Number of protein chains: 4
Amino acid sequence: MVEPNTLAGPIGDNSGENPAEHLTGDAVDRLRGIIERIERLEEERKALAGDIKDIFNEAKSAGFDVKAVREIIRLRKQEPGDVEEHRTLVDLYKRELGM
Amino acid sequence: MVEPNTLAGPIGDNSGENPAEHLTGDAVDRLRGIIERIERLEEERKALAGDIKDIFNEAKSAGFDVKAVREIIRLRKQEPGDVEEHRTLVDLYKRELGM
Amino acid sequence: MVEPNTLAGPIGDNSGENPAEHLTGDAVDRLRGIIERIERLEEERKALAGDIKDIFNEAKSAGFDVKAVREIIRLRKQEPGDVEEHRTLVDLYKRELGM
Amino acid sequence: MVEPNTLAGPIGDNSGENPAEHLTGDAVDRLRGIIERIERLEEERKALAGDIKDIFNEAKSAGFDVKAVREIIRLRKQEPGDVEEHRTLVDLYKRELGM
DNA sequence: CGGCCGTCTAAGGATC
DNA sequence: GATCCTTAGACGGCCG
């Protein structure tokens, strides 16, 4: 699945030498590319976080309780995924424990 | 700062009644809109997180040490001064403790 | 509240000199004590974590669904703390949103 | 691996019936015991966490940099070799990237 | 060996 | 302005 990497990472086969002394030029390019792509995506992530925050502020200005809104969103997120079997067991235990 | 909101949030002035019994229809619509917009943005966020993870996996497959790559990214996003100051203190403590 | 500390931390007033070059002997002792006490407590914590894990294993061997048991414990932990006002709002929003 | 448990877990052999309808009384007792023991241990864990926090606060009051102290503790609990290896890689990457 | 879950740290926001 | 709490990210251990 992973092609034998000849370029990236510390060049393993500099036998006997001080390990990890260099990367090939290609490896450096690859590394740089990886880092830059990640940084780019993280910027987008940050922008989205800002947008979300703005909406929460709007909610607050409109008089909603932000904390409660957050909880609603959390609930909506988890309930569908509640695999039935799990739910069933939790309910069974709750019932049997008198909760 | 917040204009008196007539629609959103528990209607405060149902004097004497059980508080927070209803929202106006408009408030419900507003709330729903807020929630849906946030959910939409969170999906995008999640997608980006997935993309980032993929790149880290690519890095790993290419033979890079993911943890070290993470640290590089972290360092690049910090004020060099801060890092240095922290490092200096850690080294001081280590030295004084004989580590 | 905080007595002026003359011993601990980088000695601030070595004016003009390279900052943070030394700690007083007393500060070193104090630091060492702090670290050792924390390490001791963390060990105890770890031991407890082990005990807890053992019990979960016992539960599993007895045929209980560990994940469900975890959720039960989580529920028992949070329900009492649900401040009423918050609960009320969440319920209001849920109702109004038809959840 | 798990001996057929006759008491705990959903009673599997109510053949054909709605599954997971009941636990035996013994199973309920067992479950309750498990939960209570875990809760007890978690309380102790929490107490220890509080103690640790107190010590960090003491450190802060004494003028130490808490973040640096944390790092010291982290370093002490790691294999020195690991730390070094990590450091070496980070430095290699930094160098190769011209940082 | 990879993914999942839980925990812990660090940052940001809310509160007083 | 300081502190506290809450949230998001990183990390390690566990399970499959």
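Fair warning: this is a prediction, and the values are worked out from it, not measured in the lab. Chain naming here is simple, since letters A, B, ... match the order of the sequence lines and numbering starts at 1 in each. Keep in mind that the numbers below use all heavy atoms, side chains included, and drop hydrogens, waters and symmetry copies.
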Among the nucleotides [options], which one has an atom lying closest to any side-chain atom of [X]?
X	options	value
D:Arg45	F:dA8, E:dC8, E:dC5	E:dC8
A:Lys60	F:dT7, E:dA14, F:dA8	E:dA14
B:Lys67	E:dG6, F:dC11, F:dT7	F:dC11

**OP:** Begin from the C-alpha positions of D:Glu36 and D:Arg32 and carry the test side-chain contact (heavy atoms from CB on, under 4.5 Å) through to its verdict.
**Re:** CA-CA 6 Å; D:Glu36 285 170 0; D:Arg32 197 185 304 279; 3.6 Å; yes
Spacing of [X] atom [atom1] relative to [N] atom [atom2], expressed in whole Å:
X	N	atom1	atom2	result
B:Lys46	F:dA8	NZ	C1'	15 Å
B:His86	E:dA10	NE2	P	8 Å
B:Ile72	F:dA10	CD1	P	15 Å
B:Gln78	F:dA10	CD	C1'	14 Å
B:Phe56	E:dG3	CZ	P	15 Å
D:Arg74	E:dT9	CZ	P	8 Å
B:Asp65	F:dA10	CG	P	15 Å
A:Glu71	F:dT6	CD	P	12 Å

Subject >> Whether B:Tyr93 side chain and D:Asp65 backbone form a donor-acceptor pair below 3.5 Å >> reply: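 Between the backbone of D:Asp65 and the side chain of B:Tyr93 there is a qualifying donor-acceptor contact (under 3.5 Å).
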**OP:** Please figure out whether A:Arg70 or A:Glu42 has its closest DNA chain F nucleotide nearer the 5' end.
**Re:**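 Its nearest nucleotide lies further toward 5', so the answer is A:Arg70.
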Original post:
How long is the span from the CG atom in A:Asp91 to the CD atom in A:Glu96, to the nearest 0.5 Å?
Top reply: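 One finds 11.5 Å between CG of A:Asp91 and CD of A:Glu96.
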**OP:** With heavy atoms under 4.0 Å as the rule, sort A:Lys53 into base, sugar-phosphate or nothing.
**Re:**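 Here A:Lys53 touches the backbone only, sparing every base.
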Subject >> Salt bridge flag under 4.0 Å for residues B:Glu42 and A:Lys77 >> reply: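 Counted as a salt bridge, because a side-chain N and a carboxylate O are separated by less than 4.0 Å.
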